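Working notes, beginning with the structure itself.
In this chain, residues are counted from 1 in sequence order. Keep in mind it's a predicted model, so treat the numbers as computed, not measured.
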Amino acid sequence: MDNDSVLTFFRLSGLNYTVQHRIILFVLTLLCYSIIWIANVVLIITITVDRKLHEPMYIFLCNLCINGLYGTAGFFPKFLTDLVSDTHVISYAACLLQSYVIYSSCGADLSILAVMAYDRYVAICQPLMYHSVMTTQRISLLVAFFWLLPLFCMLANTMTIFQLKLCGSHIPKLYCSNSLIAKLACSTPLTNMSISYFNIIIYIFHFFFLVWSYIYLVKKCLTSTQGRKKFMQTCMPHLVSLFNFATAVLFDLMYARFGSRILSQSLQNFMAVEFLLIPPVITPLVYGLTLTAIRSRILVFLGKKNKVSK
């Protein structure tokens, strides 16, 4: 592509399947997206409607589910359209928007998990001070933190893409990524690289805080039977979500490092979308089945619904 040409679209790759295989994949993807919506919406409605669940841990969990819907909305509609289309292109603006939504959601996931770890630290290590620490004002500040930080970080990263002159339009992935767009630049994108490394450092601190928090909590809870019980009831779902998220991000990083070199196209595609498929499904199911308060509310709601239908 000529340096002076105006780039209006990108070509996405990865869907080099037969029509029959794409139809099967479309049905499975639509089923998965439907499960994501149903599972997350049920949890969101349960927490929103029941005032007994208007506590910090459940408020943060509700936001985690909302973020799951936000992130998957950046991928699934476009992907489903591509499965029934022979041309897999996306406009320049839509590509930047898709990358922004997907990766700001990814950052928000880590920020929310960090806040949830802080909440559990206060609840278990300083139980007598919990309500004085987790005030309405503090909760509002934490909610603003885990939404605004990733949105701002990703906005800064996306703005640097606008300044780049691009010499290509092919993105070797099922969806757009700012890092892949930056690789199409005619010259080394120093500003974009600086912002990207700054954002990575921020979330490395998030990760280390999470690891430190749960190591401390495990040590604290092992000293008493009641502590172990409380940890298993309220912290295990967080650890499952964290492990699930870390595994998904690892897959994405492995794809970025090795995807186009030694792996088959199907495995590359799975590694690229794993963090958009598994965490949004697992998170509401784990919390819904593990946390007694939520599970009992859902069962009560379903029981009332069955009685009405009879």
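K52 approaches E55 most closely through the heavy-atom pair O-OE2, 3.5 Å.
Of the possible donor and acceptor atoms, none in the side chain of N157 sits under 3.5 Å from a partner among the backbone N and O of C153. No donor-acceptor pair closer than 3.5 Å links the side chain of N192 to the backbone N or O of I161. N40 places a side-chain N or O within donor-acceptor distance of the main-chain N or O of P280, the cut-off being under 3.5 Å. Looking at T72, its side chain does come within 3.5 Å of a backbone N or O of L69 through a donor-acceptor pair. One N or O on the side chain of S85 and one on the backbone of T87 form a donor-acceptor pair closer than 3.5 Å. At distances below 3.5 Å, at least one donor-acceptor pair connects side-chain atoms of H88 with backbone N or O atoms of D82.
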(request) Take R297 and T46 through the side chain to side chain donor-acceptor pair (under 3.5 Å) test and state the conclusion after the steps. (result) CA-CA 7 Å; R297 298 298 187 279; T46 301; over 6 Å; no

(request) Begin with the C-alpha distance, continue with both residues' side-chain angles, and end with the deciding distance and a verdict on side-chain contact (heavy atoms from CB on, under 4.5 Å) for V133 and Y118. (result) CA-CA 11 Å; V133 172; Y118 170 72; 3.5 Å; yes

(request) With side-chain contact (heavy atoms from CB on, under 4.5 Å) as the test, would you mind laying out the steps for R120 and C125 before giving the verdict? (result) CA-CA 8 Å; R120 290 302 86 200; C125 300; over 6 Å; no

(request) Kindly indicate, with the supporting measurements, whether the criterion side-chain contact (heavy atoms from CB on, under 4.5 Å) is fulfilled by Y103 and N178. (result) CA-CA 9 Å; Y103 286 100; N178 279 1; over 6 Å; no

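Heavy atoms from other residues, nucleotides or ligands lying under 6.0 Å from CZ of F207 number 12 at most. More than 12 heavy-atom neighbours from other residues, nucleotides or ligands sit within 6.0 angstrom of CZ on F145. Under a cut-off of 6.0 angstrom, the local environment of CH2 in W147 is crowded, with over 12 non-hydrogen atoms contributed by other residues, nucleotides or ligands. The environment of NE2 in H54 is crowded: more than 12 heavy-atom neighbours from other residues, nucleotides or ligands sit within 6.0 Å.
Rounding to the nearest 0.5 Å gives a distance of 9.5 Å between CZ of F60 and CD1 of I112. To the nearest 0.5 Å, atom CD1 of residue I294 and atom CD1 of residue I47 are 4.5 Å apart. Separating the CE atom in M154 from the CE atom in M159 is a distance of 12.5 Å, to the nearest 0.5 Å. To the nearest 0.5 Å, atoms NZ (K183) and CG (L166) are separated by 14.0 Å. For the atom pair L164 CG and C167 SG, the distance stands at 10.5 Å (nearest 0.5 Å). Atom SG of C176 and atom CD1 of I102 lie 8.0 Å apart (nearest 0.5 Å).
L184 has its side chain out of reach of H170: every pair of non-hydrogen atoms, C-beta onward, lies at least 4.5 Å apart. Side-chain contact between K173 and L12 is absent, with no heavy-atom pair separated by less than 4.5 Å. Residues Y214 and L217 are in side-chain contact: their nearest non-hydrogen atoms beyond the backbone lie under 4.5 Å apart. Looking at heavy atoms from C-beta onward, N199 lies out of side-chain contact with P150 at the 4.5 angstrom threshold. Side-chain contact between I36 and F76 is present, with at least one heavy-atom pair separated by less than 4.5 Å. The shortest distance between side-chain heavy atoms of I181 and C95 falls below 4.5 Å. Side chains of I204 and I200 form a contact here, defined as non-hydrogen atoms less than 4.5 Å apart.
The residue from Y203, F208, F209 that alone fulfils the ring-ring contact (aromatic ring centres under 6.0 Å, His included) condition with H206 is Y203. In summary, of the residues considered (V143, L53, T48), a side chain to side chain contact (heavy atoms under 4.5 Å, CB included) with C62 occurs for T48 alone.
One side chain, S104 or Y70, offers a donor N or O that lies under 3.5 Å from an acceptor on the other. Between the side chains of D109 and N67, at least one donor-acceptor pair of N or O atoms lies under 3.5 Å. Between the side chains of W37 and Y33, at least one donor N or O sits under 3.5 Å from an acceptor N or O.
Side-chain rings of F9 and Y92 stay apart, their centers remaining 6.0 Å or farther from each other. Between F79 and Y175, the ring centre distance reaches or exceeds 6.0 Å.
Transitive grouping of hydrophobic side chains (ILVMFWY, heavy atoms separated by less than 4.5 Å) keeps L148 and Y100 in distinct clusters. Under a hydrophobic clustering in which Ile, Leu, Val, Met, Phe, Trp and Tyr are joined whenever their side-chain heavy atoms come within less than 4.5 Å, directly or via other members, L61 and I139 fall into the same cluster. I201 and M193 fall into different hydrophobic clusters, where Ile, Leu, Val, Met, Phe, Trp and Tyr residues are linked whenever their side-chain heavy atoms come under 4.5 Å apart, directly or through other members. When hydrophobic clusters are built by joining Ile, Leu, Val, Met, Phe, Trp and Tyr residues whose side-chain heavy atoms come closer than 4.5 Å, directly or via intermediates, L277 is grouped together with I38. Residues I35 and I24 do not share a hydrophobic cluster, clusters being chains of Ile/Leu/Val/Met/Phe/Trp/Tyr side chains in contact below 4.5 Å.
A salt bridge links R22 with D86: the distance from a Lys NZ or Arg NE/NH1/NH2 to an Asp or Glu carboxylate oxygen falls below 4.0 Å.
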